[in-house]
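What's counted below: heavy atoms across the whole structure, side chains too, no hydrogens, waters or symmetry copies. In listed order, ligands and their atoms are each counted from 1. The chain is numbered in sequence order, starting from 1. This structure is a prediction, so every number in the text was calculated from the model and none was measured.
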Amino acid sequence: MQNIIEDDAYDLAIAKAEKIGERFTEPRKLVFQSLIKAKVPQKAYDIIDYVSRQSEKTTKPPTVYRALDFLCRIGVVHKIESDSTYSICSHNDHCHKANHSPLFLICKECGDVEEIHLSDIEDSIENAAHKKGFSLTRIMIEAVGICQNCAQK
Ligand SMILES: [Zn+2]
Ligand SMILES: [Zn+2]
Ligand SMILES: [Zn+2]
């Protein structure tokens, strides 16, 4: 059973895809679903495993990678580079940017990841790159430490 928040994230993702004339194909749907269900960032092989179990046909890893690329491209999923995991964007519905570069606070104890969008940091990176004549493809801002929950234990 999906709860309200999960349904919202799902509807939002579909709306974003439709806006650029893309469909939420079966693999895209299943990949997104696996990330929503997991609640914590997932490695690609965990997602491949989930998708294979859910679909009738065998799912080849490249299909899952293509779906992940697509979901990242439209900004509903982020890739966390430092540990190669994927996470549902938790900020989409209230962001002024179509596709933002968030800061990830990654807890090294429990693996919890918190997403915060710091527009001013993103803007200054964009400006600095622009001044150097550098065209950005992607910005990754990741911080590792101990989350509040783990610190209180
Ligand atoms: Zn996000
Ligand atoms: Zn934002
Ligand atoms: Zn923690």
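Classified by interplanar angle (parallel below 30°, tilted 30° to 60°, perpendicular above 60°), the ring pair H100/H78 is tilted.
Nearest heavy atom pair, residue E122 against residue N99, reads OE2-O, 4.3 Å.
Under 4.0 Å is where a charged nitrogen must lie from a carboxylate oxygen, and between R53 and D49 at least one such pair does. Ion pair E109/K153 not flagged as a salt bridge, since none of the NZ, NE, NH1 or NH2 atoms sits closer than 4.0 Å to an Asp/Glu carboxylate oxygen.
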Please determine whether side chain to side chain contact (heavy atoms under 4.5 Å, CB included) holds for the pair E126 and L136, giving the CA-CA distance in whole Å, both sets of side-chain angles, and the decisive distance to 0.1 Å. CA-CA 7 Å; E126 278 169 1; L136 284 167; 3.8 Å; yes
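Nearest N, O or S atom of H117 to the Zn ion (ligand 2): atom ND1. No other N/O/S atom of E115 lies as close to the Zn ion (ligand 1) as OE2 does.
The Zn ion (ligand 2) has no N, O or S atom of H100 inside 2.8 Å of it.
Angle SG(C150) to the Zn ion (ligand 3) to SG(C147), rounded to 10°: 110°. With the Zn ion (ligand 1) as the vertex, NE2 (H78) and SG (C89) define an angle of 110°, rounded to 10°. Geometry about the Zn ion (ligand 3) gives an angle of 110° between SG of C107 and SG of C110, rounded in steps of 10 degrees.
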